[in-house]
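First comes the structure, then the notes that go with it.
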There are 2 protein chains.
Amino acid sequence: MIRQPPLGKTLMPRGSTPPNAITILHVAAEAGVSKSTVSLVLKNSPLIPEETSQRVREAARKIGYVYNRRAAEMRLKSSNTIGVVINDLMNPFFAEVLIGIERKLVEAGYIVFMAHTNENLELQEKVLLSMREQNAAGIVLCPAFGTPNSLPKMVKAWGIPLTVIVRTLGAGSYDFAGSDNERGVYLATKHLIDAGHKRIGFLGGRAGVTLQQRIAGYRTALTESAIAFDPALVLSANPNRQGGHYTMCALLDIRPRVSAAVAYNDIVAFGALSALGERGLRAGKDFALMGFDNVLDAAHSNPPLSTVDIRPNELGEHAAAILLARIAEPNRARQTYLAAPDLVLRQSV
Amino acid sequence: MIRQPPLGKTLMPRGSTPPNAITILHVAAEAGVSKSTVSLVLKNSPLIPEETSQRVREAARKIGYVYNRRAAEMRLKSSNTIGVVINDLMNPFFAEVLIGIERKLVEAGYIVFMAHTNENLELQEKVLLSMREQNAAGIVLCPAFGTPNSLPKMVKAWGIPLTVIVRTLGAGSYDFAGSDNERGVYLATKHLIDAGHKRIGFLGGRAGVTLQQRIAGYRTALTESAIAFDPALVLSANPNRQGGHYTMCALLDIRPRVSAAVAYNDIVAFGALSALGERGLRAGKDFALMGFDNVLDAAHSNPPLSTVDIRPNELGEHAAAILLARIAEPNRARQTYLAAPDLVLRQSV
DNA sequence: CTGAAAGCGCTTACAG
DNA sequence: CTGAAAGCGCTTACAG
């Protein structure tokens, strides 16, 4: 996907702020020391006696000096920034993951470049390239649908630590944070079976490894309980609210009736809830529905959604921690975090 | 709130990537030209004949050259980055606004520093400072609750163009993108009144200008129809799903009964929908409910929510456009975008 | 403990 | 049309 080395004009620089004309040279003059001394003071070097340090800080304050981090980074060849690229911010799951990542990274002293690809591969390529040009210290990527499995290797070749999240990218050796999709859906399906349901649908989801894993969990639970897998009961659609609405409508029209379903994720389930409501049905009474993710909204949907909790926030934090560890120790072994799914039972079953 | 000039250690730089050892000097050597020529080629200068340009590009490609944007920016004293700081990403409204901002900015060739303050003033201060150190070409800020009205002036003093969004910050002269809160809620309330409702509640919202504006709209509509404003019917709570759930429960307990409500925003309305459901009530049949924002979810809630559409995405794009215009022309007149609210009627009334 | 010097990777006049 | 030189704001040996 990304072939050519990015030349200078990949992104055009614009907007020229004349930031602060005030440099350490001015501070040095004001304090009556050399600029190296100022530099040492700014990094709290023990070489500088307290008295001098005080004087320098005072001078800096007085003339309104602002540290120019980019100049420092350029000299040091270091970087304070990390890129986070997200495929679908419209889904609160990813928003919650992003929040976790960002919080952890800021806590660690980084600042994040955020880019939203909206599942667009070309855009993903563009932002990745631009993060490279910007000299990001690391990248966390939730790949857009269709991202080639060669991507992690490519980014590694760039010399930039990478953590991929949520969607795996083949069997290569890259750091990963996601959830145990198969087990999660297995648990959800099993719960429905244990509650006596025999005809259980699977709602929504777009072709890809994640969908495969989730459907595998669904099949396993079925098979284990000697319920035949019926492909007519798995309805795929884009993993969003419309998809959930649409597939639920279709599912309700199937005869013999199906009495329960597990949704690809929570927002698909929300769409399904909406479809149910339109037909005068209520989940938890007339139909049993399980979601996946446990986004914040799930606790207050109508009715509150039973779902598979993979703690989105925490997932984000783990992703950040993995990246940080990789940056600190580039040659460490491959790292993986798979959120262990927990059932959270509310009123939709 | 932000007093001291930020010194070097505000944020500690970490992670040192040894980016690309390959510079324009190497390209120059490979292509047999001087480094100035390479630089000119990279910026597509017409000074360089096509043949030379070809050769240089080929050399760059061959040896895997990567443009170092930060070095260029340092030399140019320009900046390619814009900071976006958001108070509450957990609310899909802000996520949608963010998406609009980011899309527009990336389109314009920028890359965005995103920070989530979670309504935390100290964090907001920290990230603003760090964006300053990073030399952001501009900032769009959705202020956390309690942000002092002096903030825009301060950022202006830094020499960084600022657009504040959604929540106003006093009467100062700063660029702003938001929505016409008063008129929006006025329309929503009026719609309820026209449908015959007399006792109409107001649900959720946290003290601040936005809440004041929205309640003003509510009062105006009431007064206009000669319905007495009853403070007992406005229930405030944090503007989230729990707040909506909680206030709706309280509202349902009021006697004489209230038959309709307008919510502070959509997620408050979602929480209210959930509370209604728990009591065996359905919005649109047993109760009339209006939201505010028209987030994506509103079309597929249970039941689909009637709300005030302020087009969150578009609002974000306008905010970005305003900032871009300010960067291009620092001395232009104050810019303001106020989304004109439209009623979108679905099934909750 | 402090100062002079070199250099991070670029761009931009200025000569030729 | 191309090359040598200076400089963006920092940091880091290296002398003193």
Side-chain angles (χ1 to χ4, degrees), chain A residues 6-10 12-13 16-29 31-56 60 63-80 132-135, chain B residues 6-9 12-13 16-29 31-56 59-60 63-80 132-135:
Chain A
L7 298 186
K9 299 311 286 181
T10 302
M12 306 129 290
S16 117
T17 17
N20 51 313
I22 302 170
T23 75
I24 53 171
L25 266 173
H26 300 95
V27 177
V33 297
S34 84
K35 67 173 177 166
S36 353
T37 304
V38 176
S39 179
L40 291 172
V41 167
L42 292 184
K43 60 184 294 219
N44 292 319
S45 164
L47 295 180
I48 309 295
E50 185 53 25
E51 194 273 329
T52 310
S53 167
Q54 287 288 332
R55 193 151 41 91
V56 170
I63 65 178
Y65 169 73
V66 176
Y67 185 65
N68 185 327
R69 183 165 303 282
R70 308 186 75 156
E73 291 183 350
M74 153 127 184
R75 175 60 232 252
L76 259 19
K77 286 159 149 280
S78 74
S79 169
N80 198 27
R132 185 188 190 195
E133 285 193 358
Q134 287 288 347
N135 208 338
Chain B
L7 298 186
K9 301 309 287 181
M12 306 128 291
S16 118
T17 18
N20 51 313
I22 302 171
T23 74
I24 53 170
L25 267 173
H26 300 95
V27 177
V33 297
S34 84
K35 67 175 177 166
S36 353
T37 304
V38 175
S39 180
L40 291 172
V41 168
L42 293 185
K43 58 182 299 215
N44 292 319
S45 165
L47 294 180
I48 309 295
E50 185 53 26
E51 193 273 329
T52 309
S53 168
Q54 287 289 332
R55 193 151 40 92
V56 169
I63 65 179
Y65 170 73
V66 177
Y67 185 66
N68 186 327
R69 182 165 305 281
R70 309 186 74 156
E73 291 184 351
M74 153 125 184
R75 174 62 231 252
L76 260 18
K77 285 157 149 283
S78 73
S79 169
N80 198 27
R132 185 189 190 194
E133 285 193 358
Q134 287 289 347
N135 210 337

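The sequence lines fix the lettering, A, B, ..., with proteins before strands; numbering per chain opens at 1. Values in this document were obtained by computation on a predicted structure and should not be read as measured data.
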For the residue pair A:V33 and A:R55, establish whether any side-chain heavy-atom pair is separated by less than 4.5 Å. yes
Closer to the 5' end of DNA chain C via nearest nucleotide, is it A:A71 or A:T37? A:T37
So, does B:K43 get its side chain near the phosphate of C:dT12, meaning an N or O under 4.0 Å from OP1 or OP2? yes
Check this one for me: any side-chain N or O of B:T52 less than 4.0 Å away from OP1 or OP2 of D:dT2? yes
Among the nucleotides [options], which one has an atom lying closest to any side-chain atom of [X]?
X	options	value
B:N68	C:dT12, D:dT11, C:dG9	C:dG9
B:S34	D:dG3, C:dT11, D:dC10	D:dG3
B:K77	C:dG3, D:dG9, C:dG9	D:dG9
A:K35	C:dG9, C:dG3, D:dT11	D:dT11
A:P49	D:dG3, C:dT2, D:dC10	C:dT2
B:L47	D:dG9, D:dT2, D:dT12	D:dT2
A:R75	D:dT2, D:dC10, D:dC8	D:dC10

Tell me whether the side-chain N or O atoms of A:S36 pair up with the base of C:dA4 as donor and acceptor below 3.5 Å, since no angle test is needed here. yes
D:dG16 pairs with which nucleotide, Watson-Crick or G-U wobble, both distances below 3.5 Å? C:dC1
Take atom CE of B:M74 and atom P of D:dC10, then tell me their distance rounded to the nearest Å. 8 Å
